[in-house]
Structures are given as structure tokens and as C-alpha cells.
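Scroll down for the structure; my scribbles are underneath it.
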Amino acid sequence: MTKGVGRTGTRNDKTHTICRRCGKSSYHIQKGVCSSCGYPGKKMRRFNWAAKAKRRRTLGTGRMKYLKHIPRRFKNGFRERDPYPHTKN
């Protein structure tokens, strides 16, 4: 049995820090790329072999400020001006 901290004492540097796009501690400082979302790349990083990861950040997991009203507007035919469209008798 050894005395002191051993291997643990040498691990005092951080390779990853917080990513500004996804908020996870996955931004590699030396590479300058997030291992989770692929920032600063324009497209979000996603793979078909990671079905669970896709499910976590797909449509419907956020606020859906615009998209949550679409089914109701579709049902009413996307009418905008008149609350009730006039029908000719």
C-alpha cells in the first residue's frame, strides 16, 4: 500500500468545460469542439446509433413557443382575420 495521493494527485487539469450551446460539460478546450453537440459547427451533432440522445433533445422537449399552436391552427384552416368565416346563403 502506498502513502500519499498516487495517481489522483496528477489529475488536476480539465480537458472539458461548459459548452455555450448545449450547457453540458463537454466542450474540449484544446480542440475547441463540443463532444456532445458539435459546437461551433453549424449543425447539431446527432447519430442514429444514439437513439436515446436523439430523444433527449428532439422536437417537443423544449418550450415549442411557435409549434405548440400549429395543431389548433391547422384544425381551423389557418384562418387569421375573421374569427368566423362568412358563408353565403
Side-chain angles (χ1 to χ4, degrees):
M1 189 151 155
T2 60
K3 297 195 175 175
V5 290
R7 172 76 181 96
T8 319
T10 61
R11 292 187 296 162
N12 56 2
D13 56 336
K14 290 171 66 178
T15 52
H16 293 92
T17 187
I18 303 290
C19 173
R20 55 167 63 164
R21 179 157 72 184
C22 65
K24 294 170 84 173
S25 179
S26 305
Y27 186 80
H28 198 283
I29 299 167
Q30 275 190 322
K31 289 183 185 176
V33 177
C34 178
S35 59
S36 178
C37 70
Y39 180 83
K42 291 182 179 64
K43 294 181 180 177
M44 283 289 277
R45 174 187 175 272
R46 62 186 281 178
F47 296 100
N48 288 330
W49 50 259
K52 237 185 207 181
K54 282 169 70 175
R55 207 181 311 143
R56 283 190 204 109
R57 65 178 101 168
T58 187
L59 278 172
T61 55
R63 278 179 65 189
M64 295 210 318
K65 190 176 177 184
Y66 171 77
L67 209 56
K68 67 180 166 190
H69 303 296
I70 294 294
R72 173 174 42 85
R73 291 178 55 215
F74 171 74
K75 182 184 73 176
N76 296 319
F78 293 100
R79 62 185 178 213
E80 291 183 1
R81 293 224 171 129
D82 297 330
Y84 302 104
H86 304 291
T87 55
K88 292 184 178 179
N89 291 335

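No hydrogens, no waters, no symmetry mates; every other heavy atom, side chains included, goes into these values. Predicted model only: the values in this text are computed from it and were never measured.
Side-chain N or O atoms of Thr10 include one that pairs as donor or acceptor with a backbone N or O of Arg7 at under 3.5 Å.
Annotation: side chain to side chain contact (heavy atoms under 4.5 Å, CB included) contacts of Phe74 (sequence neighbours excluded): Phe78. By the side chain to side chain contact (heavy atoms under 4.5 Å, CB included) test, Arg63 pairs with Lys65, sequence neighbours left out. Annotation: side chain to side chain contact (heavy atoms under 4.5 Å, CB included) contacts of Arg81 (sequence neighbours excluded): none.
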Atom pairs and distances, side-chain donor-acceptor, residues 39-53, under 3.5 Å, sequence neighbours left out:
unit_1: Tyr39; atom_1: OH; unit_2: Arg20; atom_2: NH1; d: 3.3
unit_1: Arg45; atom_1: NE; unit_2: Ser35; atom_2: O; d: 3.3
unit_1: Arg45; atom_1: NH1; unit_2: Ser35; atom_2: O; d: 3.1
unit_1: Arg45; atom_1: NH1; unit_2: Ser36; atom_2: O; d: 3.3
unit_1: Asn48; atom_1: OD1; unit_2: Lys54; atom_2: NZ; d: 2.7

Quick one: side chains of residues 23-31, donor-acceptor pairs under 3.5 Å with protein atoms, not counting sequence neighbours, listed by atom name and distance.
unit_1: Tyr27; atom_1: OH; unit_2: Gly32; atom_2: O; d: 3.2
unit_1: His28; atom_1: ND1; unit_2: Gln30; atom_2: N; d: 3.4
unit_1: His28; atom_1: ND1; unit_2: Lys31; atom_2: N; d: 3.1

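With a 4.5 Å cut-off on side-chain heavy atoms, Arg57 and Cys22 do not count as touching. Side-chain atoms of Arg79 and Arg73, non-hydrogen and from C-beta on, never get closer than 4.5 Å to each other.
Apart from Ile18 itself, the hydrophobic cluster it occupies contains nothing, where clustering links Ile, Leu, Val, Met, Phe, Trp and Tyr at side-chain heavy-atom distances under 4.5 Å.
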